[in-house]
Amino acid sequence: MIKRFHVLYVGQTELENIGLQGTPADARRYDNARLSEPFFTARDAAQLMDDLGYYALWTAEHHFQHEGYECFPNLIQLSLWLATQTRTLKIGCAFNVLPMWHPIRLAEDYAMADIVTDGRIIMGVGRGYHSREVESFGAPVIDQNANRALFEEQVELMLKCFNEESFSHHGKQYDVPPAVEYRGYTMREITCVPRPKHLPVEVWMPIASSKSIDYMASKNFKAMVTLNGEKILDDVVKAYRDACAKHGRPKQLGEDMIWGAGLYLADTPEEAKRRVEPSHDERYKWFAPFGFVRYADEEGRTWGSPGAPARTPSLADGIKQKAWFCGPPAHVIDGIKSIEAKYPGLEDFMIHWAEGLSPKGFKEQLRWFARDVMPAFAGR
């Protein structure tokens with residue numbers, strides 16, 4: 001049963017002239033002051049969520065986005081600051097893009113944040129998908145096999161930092177420590193200082209493919225799946241459950257997963273759709289070209305696969321696929337519960353902040369959701 005409520009804010013600035021007929025995504029360009037605004041938007045949202053009883057605010061790492069859609073380059077640093085601005089809210093990293101990091105530096109930064117916040121930072125890792133970002137940092141992403149190999153070695157090294165008092169690692173990309181002289185001896189092992197206080201570290205990853213599902217299960221990583229159509233969601237929830245069982249970690253359907261959806265509350269479904277549609281369309285104007293339309297057609301084929309739709313989705317598509325819920329609280333509650341009922345282990349639901357929705361408008365939605373939707377899931 002759903003017990004915890006999360007929010008995903010990827011760090012967009014307040015966008016104007018939104019929607020399919022608005023400013024083209026690639027034509028947007030903002031000055032440094034505007035691109036800095038999302039830090040304070042995140043603070044304000046986090047403080048409100050803290051007051052309203054939400055569990056965690058998640059943010060996303062991205063770079064070079066003068067278009068204003070995703071403006072957070074360092075999630076550990078951001079999360080540490082947000083923790084100083086709140087009391088109990090957890091801050092999640094969705095996700096630290098490992099190919100753009102040295103894994104030891106990321107492990108050290110996370111360990112410090114874990115210690116000084118007493119465990120309020122949630123670790124998340126991903127492989128990345130923006131060629132402008134990852135390739136500019138000197139790491140592969142266009143070559144997916146090279147990207148996967150690098151990522152998996154980085155994870156191995158990061159986990160050694162977390163879990164072993166001293167370690168060595170000699171792989172294709174990293175030689176730690178190198179066999180050099182130090183204070184009269186040749187180094188054989190090193191120790192990560194500090195290591196996290198809370199062990200084992202809870203690590204989350206996004207579900208991107210069947211290969212990623214098996215890998216996540218092999219490492220006992222938890223899974224996040226957002227804005228997926230009902231059929232695709234069902235496929236990945238079952239695949240994750242089966243992969244965990246294969247690796248000796250049996251779980252219930254939905255256990256150790258966060259399911260995220262888009263939503264908008266209004267007095268009627270028609271009013272909700274009218275109000276949120278430009279924000280929905282702004283999101284997909286930016287994200288659809290990256291392949292982030294995880295809907296299925298009538299034959300169960302994922303959009304973009306041979307024979308299935310490859311167009312930018314409409315809000316009507318999202319509502320039909322149960323990736324978006326729009327209407328009065330009772331309507332949204334019924335929609336969430338219709339998914340929850342399928343997965344006895346599901347305890348976490350995430351609200352996606354549609355990229356075109358203003359901070360003021362989204363905070364109004366957070367208040368309404370906390371007042372009239374969250375109580376339907378409390379105390380069960």
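Note that the numbering runs from 1 along the sequence shown for the chain.
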Colleague: If I compare all heavy atoms of A83 with all of T117, which pair ends up nearest, and what's the gap?
Modeller: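 Looking at all heavy atoms of both residues, the shortest contact is CB-CG2, 3.7 Å.
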
Colleague: Give a yes-or-no answer on whether the side chains of R241 and Y343 include a donor-acceptor pair shorter than 3.5 Å.
Modeller: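 No, because no side-chain N or O of R241 sits under 3.5 Å from a partner of the opposite role on Y343.
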
Colleague: Could D281 and K285 be called an ion pair, given the rule that one side-chain N must be under 4.0 Å from one carboxylate O?
Modeller: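 So D281 does not pair with K285 through a salt bridge.
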
Colleague: Between Y9 and F362, is there a side-chain heavy-atom distance shorter than 4.5 Å?
Modeller: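 With C-beta onward as the side chain, the pair stays apart.
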
Colleague: Suppose we call two aromatic rings close when their centres sit under 6.0 Å apart. Are H280 and Y264 close by that rule?
Modeller: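 No, they do not, as the ring centres are separated by 6.0 Å or more.
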
Colleague: Using 0.5 Å steps for rounding, measure from the CG atom of L265 to the NE2 atom of H331.
Modeller: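 Output value for this atom pair is 10.0 Å.
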
Colleague: N96 side chain to G124 main-chain N or O, any donor-acceptor pair under 3.5 Å?
Modeller: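 Side chain of N96 to backbone of G124, a donor-acceptor pair under 3.5 Å: yes, one is there.
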
Colleague: Within the side chain of K160, is there an N or O that forms a donor-acceptor pair under 3.5 Å with the backbone of S168?
Modeller: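 Checking the backbone N and O of S168 against the side chain of K160, a donor-acceptor pair under 3.5 Å is found.
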
Colleague: Hey, are E364 and R367 close enough for a salt bridge, meaning a charged N less than 4.0 Å from a carboxylate O?
Modeller: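 So E364 does not pair with R367 through a salt bridge.
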
Colleague: Linking I/L/V/M/F/W/Y whenever any side-chain heavy atoms sit under 4.5 Å apart, do M350 and L75 land together?
Modeller: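 Unlinked, M350 and L75 end up in two clusters.
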
Colleague: Establish, yes or no, whether a centroid distance under 6.0 Å links the rings of F292 and Y284.
Modeller: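 No; Y284 has its ring centre 6.0 Å or more from that of F292.
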
Colleague: Charged N to carboxylate O below 4.0 Å: is that the case for E230 and K342?
Modeller: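 Counted as a salt bridge, because a side-chain N and a carboxylate O are separated by less than 4.0 Å.
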
Colleague: Answer yes or no: is there a donor N or O on one side and an acceptor on the other, between the side chain of Q144 and the main chain of V141, under 3.5 Å?
Modeller: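 Answer holds: yes.
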
Colleague: Whether the Q47 and T86 side chains hold a donor-acceptor pair (N or O, under 3.5 Å, no angle test) is what I'd like checked.
Modeller: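 There is no such pair between these side chains.
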
Colleague: Could you go through the salt bridge (charged side-chain N to carboxylate O under 4.0 Å, His left out) check for K246 and D242 one step at a time?
Modeller: CA-CA 6 Å; K246 169 188 167 184; D242 293 346; over 6 Å; no

Colleague: Are the side chains of H198 and D118 in contact, using a 4.5 Å heavy-atom criterion?
Modeller: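 Yes, side chains in contact.
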
Colleague: What is the distance from atom CG of L157 to atom NE2 of H169, rounded to the nearest 0.5 Å?
Modeller: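 The NE2 atom of H169 is 5.5 Å from CG of L157, to the nearest 0.5 Å.
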
Colleague: How many angstroms lie between atom CZ of F137 and atom CZ of R132, to the nearest 0.5 angstrom?
Modeller: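 Rounded to the nearest 0.5 Å, the CZ-CZ separation comes out at 12.0 Å.
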
Colleague: With the side chain counted from C-beta on, respond yes when Y55 and K3 share a heavy-atom pair under 4.5 Å apart, and no when they do not.
Modeller: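 Heavy-atom side-chain distance check fails, nothing below 4.5 Å.
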
Colleague: Going by heavy atoms in the side chains, are F325 and I333 under 4.5 Å from each other?
Modeller: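 A side-chain contact is absent here, since even the closest heavy-atom pair is not under 4.5 Å.
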
Colleague: Taking the side chain as every heavy atom from C-beta outward, state whether K90 and R4 have any pair of such atoms under 4.5 Å apart.
Modeller: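 No, their side chains stay 4.5 Å or more apart.
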
Colleague: Check whether any side-chain heavy atom of V155 sits under 4.5 Å from a side-chain heavy atom of P103, and report yes or no.
Modeller: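 V155 does not reach P103 side chain to side chain.
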
Colleague: For the backbone of R294 and the side chain of N228, can you confirm whether one donor and one acceptor N or O come within less than 3.5 Å of each other?
Modeller: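 A pair under 3.5 Å: no.
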
Colleague: Would you say L89 and L78 are hydrophobically clustered, going by side-chain heavy atoms of ILVMFWY under 4.5 Å?
Modeller: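 Yes.
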
Colleague: Just checking H62 against Y129, ring centres under 6.0 Å apart?
Modeller: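 Ring centroids of H62 and Y129 are less than 6.0 Å from each other.
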
Colleague: Should F349 and I339 be regarded as members of a common hydrophobic cluster, given that ILVMFWY residues are connected when their side-chain heavy atoms come within less than 4.5 Å of each other, either directly or indirectly?
Modeller: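 Yes.
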
Colleague: Tell me whether M112 at atom CE has more than 12 heavy atoms from other residues, nucleotides or ligands lying less than 6.0 Å away.
Modeller: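 Not buried by this count: 12 neighbours or fewer within 6.0 Å.
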
Colleague: Would you say that L199 contacts V201 through its side chain, given a criterion of any heavy-atom pair below 4.5 Å between the two side chains?
Modeller: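 L199 reaches V201 side chain to side chain.
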
Colleague: Give a yes or no on whether V7 and I336 share a hydrophobic cluster (residues Ile, Leu, Val, Met, Phe, Trp, Tyr; joining criterion: side-chain heavy atoms under 4.5 Å apart).
Modeller: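 Per the 4.5 Å side-chain linkage, V7 and I336 are co-clustered.
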
Colleague: Does some side-chain heavy atom of Y295 sit less than 4.5 Å from a side-chain heavy atom of T302?
Modeller: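 A side-chain contact is absent here, since even the closest heavy-atom pair is not under 4.5 Å.
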
Colleague: If you round to the nearest 0.5 Å, how far is OG of S358 from CH2 of W353?
Modeller: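 The OG atom of S358 is 8.0 Å from CH2 of W353, to the nearest 0.5 Å.
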
Colleague: Tell me the closest heavy-atom pair linking R195 and A111, and the distance in Å.
Modeller: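 So the two residues come closest at C-CB, 3.6 Å.
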
Colleague: Assess whether atom CZ of R249 is packed by more than 12 heavy atoms of other residues, nucleotides or ligands within 6.0 Å.
Modeller: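 Counting neighbours around CZ of R249, more than 12 heavy atoms of other residues, nucleotides or ligands fall under 6.0 Å, so yes.
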
Colleague: Would you name the heavy atoms of I76 and C93 that are closest together and state the gap between them?
Modeller: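 The answer is CD1-SG, 4.0 Å.
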
Colleague: I need the L346 CG to E340 CD distance, nearest 0.5 Å.
Modeller: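 Here the rounded value is 6.5 Å.
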
Colleague: Would you say the rings of F5 and F377 are close, in the sense that their centroids are separated by under 6.0 Å?
Modeller: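 Under 6.0 Å, so yes.
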
Colleague: Between Y110 and I121, is there a donor-acceptor pair closer than 3.5 Å when you use the side chain of the first and the backbone of the second?
Modeller: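 Yes; judged by distance alone, with no hydrogens or angles, the pair exists.
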
Colleague: Taking the inter-plane angle between the rings of F40 and W81 on a 0 to 90° scale, is it parallel (under 30°), tilted (30 to 60°) or perpendicular (over 60°)?
Modeller: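 F40 vs W81 ring planes: perpendicular.
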
Colleague: Ion pair present between R311 and D317, side-chain N to carboxylate O less than 4.0 angstrom?
Modeller: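 Yes, this pair counts.
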
Colleague: Which is it for E16 and R28 under the salt bridge (charged side-chain N to carboxylate O under 4.0 Å, His left out) test, yes or no, and what are the steps along the way?
Modeller: CA-CA 10 Å; E16 69 292 315; R28 294 192 181 277; 3.2 Å; yes

Colleague: Please work out whether the ring planes of Y182 and Y185 are parallel, tilted or perpendicular, with thresholds of 30° and 60°.
Modeller: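 Judged by the thresholds at 30° and 60°, the geometry between Y182 and Y185 is perpendicular.
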
Colleague: Is V203 reachable from I104 through a run of hydrophobic residues whose side-chain heavy atoms are each under 4.5 Å from the next?
Modeller: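 Each belongs to a different hydrophobic cluster.
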
Colleague: Please check if the number of heavy atoms outside R105 that lie under 6.0 Å from its CZ is greater than 12.
Modeller: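 For R105, atom CZ is not crowded (no more than 12 foreign heavy atoms under 6.0 Å).
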
Colleague: Between E37 and R34, is there a salt bridge with N-O shorter than 4.0 Å?
Modeller: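 E37 and R34: salt-bridged.
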
Colleague: Mind checking the CD-CD1 spacing from E277 to I18? Nearest 0.5 Å is all I need.
Modeller: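 Atom-to-atom, E277:CD and I18:CD1 are 10.5 Å apart.
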
Colleague: Where do C71 and F39 land on the side chain to side chain contact (heavy atoms under 4.5 Å, CB included) test, with the steps shown first?
Modeller: CA-CA 8 Å; C71 301; F39 302 127; 6.0 Å; no

Colleague: Between S212 and R127, do the side chains contain a donor N or O and an acceptor N or O under 3.5 Å apart?
Modeller: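 No, S212 and R127 have no side-chain donor paired with an acceptor closer than 3.5 Å.
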
Colleague: State whether the side chain of E61 and the backbone N or O of V97 hold a donor-acceptor pair below 3.5 Å, judged by distance alone.
Modeller: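 Present.
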
Colleague: Which of parallel (below 30°), tilted (30 to 60°) and perpendicular (above 60°) describes W286 and Y69?
Modeller: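 If you compare the ring of W286 with that of Y69, the planes turn out parallel.
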
Colleague: Please determine, by modelled atom types, if D214 and H247 share a side-chain donor-acceptor pair under 3.5 angstrom.
Modeller: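 Present: a donor and an acceptor within the cut-off.
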
Colleague: Heavy atoms only: give me the nearest F287-E355 pair and the separation to one decimal.
Modeller: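 Distance-wise, the nearest heavy atoms are CE1-OE2, 3.5 Å.
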
Colleague: Indicate yes or no: does K219 engage E156 in a salt bridge with an N to O separation below 4.0 Å.
Modeller: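 Not counted as a salt bridge, because no side-chain N and carboxylate O are separated by less than 4.0 Å.
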
Colleague: Just by distance, do the side chain of R301 and the backbone of G307 share a donor-acceptor pair under 3.5 Å?
Modeller: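 Present.
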
Colleague: Quick one: do M374 and F369 satisfy side chain to side chain contact (heavy atoms under 4.5 Å, CB included)? Show the steps, please.
Modeller: CA-CA 6 Å; M374 284 167 54; F369 187 89; 3.5 Å; yes

Colleague: For a quick test of reading the model, state the closest non-hydrogen atom pair linking N147 to P140 and the distance between them.
Modeller: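 Result for this residue pair: ND2-O, 2.8 Å.
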
Colleague: Which residue, Q154, H102, E153, forms the side chain to side chain donor-acceptor pair (under 3.5 Å) with Y174?
Modeller: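 The passing option is Q154.
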
Colleague: What I want to find out is whether D114 reaches K197 closely enough, with some N-O distance under 4.0 Å, to be called a salt bridge.
Modeller: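 The answer is no: the pair does not qualify as a salt bridge.
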
Colleague: When you check the gap from the basic side-chain N to the acidic O, do D234 and K238 get nearer than 4.0 Å?
Modeller: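 Here D234 pairs with K238 in a salt bridge, since their nearest N and O are under 4.0 Å apart.
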
Colleague: Step through the shown structure and confirm whether more than 12 heavy atoms of other residues, nucleotides or ligands are within 6.0 Å of CD on E298.
Modeller: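 For E298, atom CD is not crowded (no more than 12 foreign heavy atoms under 6.0 Å).
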
Colleague: Looking only at non-hydrogen atoms, find the nearest pair between W204 and A223 and report the distance.
Modeller: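 Minimum heavy-atom separation between W204 and A223: CZ3-O, 3.2 Å.
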
